[in-house]
Amino acid sequence: MELNPVQNARPNPVLEPTPAPKPKVVLEARGLVKRYGHVTALDGADFELREGEILAVIGDNGAGKSTLIKALSGAIIPDAGEIYLDGKQVHFRSPIDARKHGIETVYQDLAVAPAMTIAENLFLGREILRPGWFARLIRWIDKKKMLEEAITDMQDLKIGIRSMSQAVETLSGGQRQGVAVARSAAFARHVVIMDEPTAALGVKEGNMVLELIRRVRDSGLPVIIISHNMPHVFEIADRIHIQRLGKRAAVVNPKKISMSDTVAVMTGAKTLAELNPEVLA
Amino acid sequence: MAEQPSGVTQSPRSLLERLPSLTILGPLVALLLAVIFFSLQSERFLTGQNFSLILQQVSVVAVLAIGQTLIILTAGIDLSVGFVMALGTMVMAKFAVELGMPPLLAILCGMAVTTAFGFLNGFLITRFKLPPFIVTLGTMNIAFALTQIYSRAQTVSNLPDAHLLWGNTFRIGETVFTYGVVLVIVLYLLVWFFLSETAPGRHLYAVGNNPEAARLMGIPTQRVLLLTYTIAGFFYGIAGWLLISRTSVADPNAGQTENLETITAVVLGGTSLFGGRGMVLGTLLGAIIVGVFRNGLTLMGVSSVYQVLITGILVILAVVADQISKRRG
Amino acid sequence: MAEQPSGVTQSPRSLLERLPSLTILGPLVALLLAVIFFSLQSERFLTGQNFSLILQQVSVVAVLAIGQTLIILTAGIDLSVGFVMALGTMVMAKFAVELGMPPLLAILCGMAVTTAFGFLNGFLITRFKLPPFIVTLGTMNIAFALTQIYSRAQTVSNLPDAHLLWGNTFRIGETVFTYGVVLVIVLYLLVWFFLSETAPGRHLYAVGNNPEAARLMGIPTQRVLLLTYTIAGFFYGIAGWLLISRTSVADPNAGQTENLETITAVVLGGTSLFGGRGMVLGTLLGAIIVGVFRNGLTLMGVSSVYQVLITGILVILAVVADQISKRRG
Amino acid sequence: QNKTPYVGLITKTESNPFFVKMKEGAQKEAQKLGAKFISAAGKTDGDNAGQVAAIENMVAAGVNTILITPSDAKAIIPAIKKAQAAGVQVIALDSPTDPASAVDALFATNNYQAGVLIGKYAAAALKGKKPVIATLDLFPGHPVGAQRHNGFLTGFGLKSLGAESNELAKPAEVVCMADTFGDRAKGQTAMENCLQKNPNINLVYTINEPAAAGAFQALKAAGKEKDVIIVSVDGGCEGVRNVDQGIIAATSQQYPLRMAAMGVQAAVEYAKTGKKASGYVDTGVELIAKTAVPGVASKDVKYGLANCWGQ
Ligand SMILES: Nc1ncnc2c1ncn2[C@@H]1O[C@H](COP(=O)(O)OP(=O)(O)OP(=O)(O)O)[C@@H](O)[C@H]1O
Ligand SMILES: Nc1ncnc2c1ncn2[C@@H]1O[C@H](COP(=O)(O)OP(=O)(O)OP(=O)(O)O)[C@@H](O)[C@H]1O
Ligand SMILES: O[C@@H]1[C@@H](O)[C@H](O)OC[C@H]1O
Ligand SMILES: [Mg+2]
Ligand SMILES: [Mg+2]
């Protein structure tokens, strides 16, 4: 990725090795509760994301995964519970707050404006402005620059898009997902959250996204990924957070646990006590 | 080569894509066809003077329709437009004539009132999450009643010069133009620039296109909406000043059909009532189309009932044509 | 027990869920409050006779509002309602009086015209995928112009008895009721049954709630929409017959404010303008609320400008209250 | 008999100074004579349903006389009949019902005569020039609009229709006809377009004074205000001042206050003695002109201002 000095909104992820012996906790949540009328989506969920890791969140449909990451990214306000970023308690009142803290999210329903172009969607809410005080005052956007940057950002995901100035609604499901993924990867400074980023993707494109996620992690940013694709999860995750009935059921180490045991915990067929403590992470 | 280019490349079609999109071509073609038709019907139609006249006649609706366009781009609607404007003109006139306020201050007060009404609309819509249709149905009645009560249904005349500013004229060759017409064009250009070239303008589109996505992307959607209605109210104030300049009076019965007229202009101009798609310059064309038809049909001696009939058919044809052209495109 | 029941079970709350939802409780409470208020203001308010009168006064709008409700449930809107009705009444009257057609046949012809207009609306909306607002804005102008042209702007009177059918009265105790009022209630009950108990009725909700999902689930959404507008047109025909019965004439200027009036009734009745949510019985309550206010305020001697003011405030308060109650619930 | 007099007034709208004045006048007269008073109005000119509901509600309120300016001459009749059957006296003000006998009495301007007066004035004022006429009318089908228009043409001596007709006559001398709904801005637009159609227009008939003021605005912008004669109907104070300023050459003044006062008096009489008013009473119409023309009787501006309605 090339860095343009004029453009300060998107700092270059610095490549450095991560030798830390005692992992630092970047994002943490305790006892999150969220109720929708009579449905309890989160029922005292805990959560922990460590520095430089890829954390997979898995669970049955309706287990509360999306709700959990929405709480972490400010899209919803939990009814109870605390969230800590770098050890300091935070209260995200809106997605803007989370973004200000460098948290980028790919939502399950993608959150794109279909009538707007790919370039505009990539920069929605943080458009590149033209230089000069007057341009800043009236917030005059630099369309050309945005187009160029968009091309750079989308380059890695080879999803066959003709032009960055085409409307998102003319894209296939997978291509749209690519746009949302590229957007989060490009802007993250602290944490990247992806809710089922490969669900709509083909084999080739899915692998491309996994590759991108690794690259993000290698650049030093921790990544949370929600997925129902167990092979993907086991291929990429450093740790696996298993969500069940609105709570964290366990956090396991994919290198030590079998896929079938993981699914058993997820579905409630096995309890924590029945597992070898060794597999926990 | 059947293969799609892999990866992202700058497409060679970009030049084509830079042409004005179909949404603005549609009304432009409609306007041209209408102009050709009426020119063949009456030799008095195609004169600079007549064209200047049509612009004067549509200027008030055109400025109101700026506000309406902004609101419709957010997927809203405003039924109170003309009624709020009328209240504003009453304040401008009575504050100057009866309270003896300096003319410009009185005009500012009138614009403050229309802006406040816009704010009220936006506040009710965002604070209580109410449908714009019903909120503005309510404020429409309130503004109308206040105008009648405040004016005791009396027209106010003998206004100071400042009030009539936009009615002043200048010449280009044979043709006389009013300053008001220039103002309208300048306002449209400003708003066009705002919408297509500034971040807040793009946010307005995003909020209309997919409010939830806009919110998740960190756009303060409620603030954008509130501001949009408030700014629309400000434009109603300007429209009121224009109206006073045009008619030399403040008339408590002004503005009663402007809600449908502005919406017609917006839709003829190719803006979607579902929000997020459209161009403000299209609205200007839409307003002019209506004016051209009224003028042309009167020159042809067509009675008002048939004018209504033709307008009805025209509105439908315009959107049908727009839809068909979009499918082709 | 903190554990949620896993899997799907019949919830014990089903009895509670069978109670009328808040959407209908809202308008009911509003109506009760209004009735109590006006009863305290005027001893002439709370009489059977006065109540019968209010029902008569709202009957035409109420029947038009059935069609409007169906359309709004599909996330549409109809601005042409009253204008189409007026055209229908003209046909009913002139076919009988001037063409000498048997009265009932003439009435059927009138209803055929309104139904055809409904079909036209639906056809344009579904065939060309046009926004209902703009299609009905167009047909509104067309229907108005046709009415004026066909009637030469003249009221038609001296109508045969069949036209006046619904104005006939019967007594319950001291109170005189018209057959028209009974018809209105029967129609509402039928439509309520249709909407909540039959498959097509549920489909209509589904189409309004999420047209794409409905389409994918195999509901012929376009057909549902087309039928909805057509049926609405049929109801406008019935409303026209009721109007003739009530006024004994066919009036070319009838129906001009009914679009906003029916929408007001629908919204006061708790139906969402975004489609898919609402109850037709709420609309009846909404229409009655408006009638109660007009009647009550007149009995109190409030002048009409203030009535407009109060109506504006009322509309907003009603939706604000509805929203607040929903958030609580 | 001998009930407390209770009178209800129903106007076409409440957004026209003509009716506002009428209402104020009726209210004052009622106060003076110790009668209870309520009022109501339609939403727009032409809103029959609103007037029907108003009649019904007033009967329910217990009035003994209803004064009404019918928006629709025919459509209002069944409601009037019902009110009469309930023992209420109904008097039409300003505009007749059709048939006129449907009400107990009518106190109104003779609108055809109002037209005739300004027609005669215009004919004399043109001093033999060939008339090129624009008519800025009300809207289709309104009897008041038709009567003034046809009366004007008759008074001018052109081919016209009778007082009973609801159609607008269009002799060759009329080169442009447009509907203004009595609205000032619409009158201005209509006049602008008429001037485009025929720049030689030298006489403009307008349905009322707001339309006349709009027409003048258009003429002034075209630099033709000196060469064109505008005549109108109403005699509102604003209109009379416009006569004084030469904007309107002549207007036929009508007397809504007189209509209102007579109506309330009849109501009191009916409540006290049970005697109903009957028949048509012409409340009079006067031609107001700044410059009198030979052969046409007119009153001057001073008289007009002393007797005008509005502010
Ligand atoms: N806006 C909402 N209103 C009501 N209930 C909701 C809402 N959003 C989520 N829920 C409920 O909360 C529970 C958890 O939902 P959530 O979307 O977090 O599940 P998930 O684990 O992401 O499932 P999936 O794997 O299917 O995406 C579900 O029972 C869902 O029905
Ligand atoms: N509404 C549309 N307007 C314009 N182009 C479209 C539209 N829908 C799809 N396309 C284009 O057609 C091509 C095929 O799209 P389609 O959605 O069928 O792909 P797909 O095979 O389902 O892909 P995916 O696996 O990503 O869902 C894409 O290039 C897409 O950009
Ligand atoms: O006579 C009335 C007229 O003077 C007024 O201007 O409009 C309404 C008419 O009925
Ligand atoms: Mg999910
Ligand atoms: Mg696909």
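Proteins come first, then strands; the chains are lettered A, B, ... in the order of their sequence lines, and each starts at number 1. These values consider heavy atoms only, across backbone and side chains, with no hydrogens, waters or symmetry-generated copies. Given the structure is predicted, the values throughout are model-derived calculations rather than measurements.
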- For C:Phe177, look at atom CZ and say whether over 12 heavy atoms of other residues, nucleotides or ligands are found less than 6.0 Å away. yes

Whatever's closer than 4.5 Å to a heavy atom in chain C on D:Ala75 counts as both

So, the part of D:Phe139 with a heavy atom under 4.5 Å from chain C: the answer is side chain

Under 4.5 Å to a heavy atom of chain D? For C:Thr257 that would be side chain

With chain D, the option among C:Thr298, C:Asp251, C:Asn253 that has the most non-hydrogen atom pairs under 4.5 Å is C:Asp251

Item to complete: Could you check if a side-chain atom of C:Gln256 sits within less than 4.5 angstrom of a side-chain atom of D:Asp47, using non-hydrogen atoms only?
Response: no

Closest non-hydrogen contact found for C:Leu299 with D:Ala60 is CD2-C, 4.0 Å

task = Answer yes or no: are there more than 12 heavy-atom neighbours, outside D:Glu164 itself, under 6.0 Å from its atom CD?
result = no

Ranked by heavy-atom pairs below 4.5 Å to chain D, first place among C:Thr155, C:Val249, C:Thr47, C:Ile54 goes to C:Thr155

Pair count under 4.5 Å, heavy atoms only, with chain D: among C:Thr247, C:Val302, C:Asn50, highest is C:Thr247

If one checks every heavy atom of D:Asp72 against chain C at 4.5 Å, the contacting part turns out to be side chain

(Q) Atom NZ of residue position D:Lys82 - does it have more than 12 heavy atoms of other residues, nucleotides or ligands inside 6.0 Å? (A) yes

Q. Is there a side-chain contact between D:Glu14 and C:Gln307 (heavy atoms, below 4.5 Å)?
A. no

Pair count under 4.5 Å, heavy atoms only, with chain C: among D:Ala41, D:Gly8, D:Ser71, D:Ala73, highest is D:Ala41

Scored by heavy-atom pairs under 4.5 Å with chain C, the best of D:Gly46, D:Ala53, D:Gly62 is D:Ala53

The residue among C:Gln57, C:Arg44, C:Arg294 that forms side-chain hydrogen bond (donor to acceptor under 3.5 Å, both in side chains) with D:Asn57 is C:Gln57

Honestly, the part of C:Glu43 sitting under 4.5 Å from a heavy atom of chain D is neither

(message) With a 6.0 Å cut-off (strictly less than), is the heavy-atom count around OH of D:Tyr280, excluding the residue itself, greater than 12?
(response) yes

When every non-hydrogen atom of D:Lys74 is compared with those of C:Ser157, the smallest separation belongs to CD-OG, 3.7 Å

Under 4.5 Å to a heavy atom of chain C? For D:Lys36 that would be neither

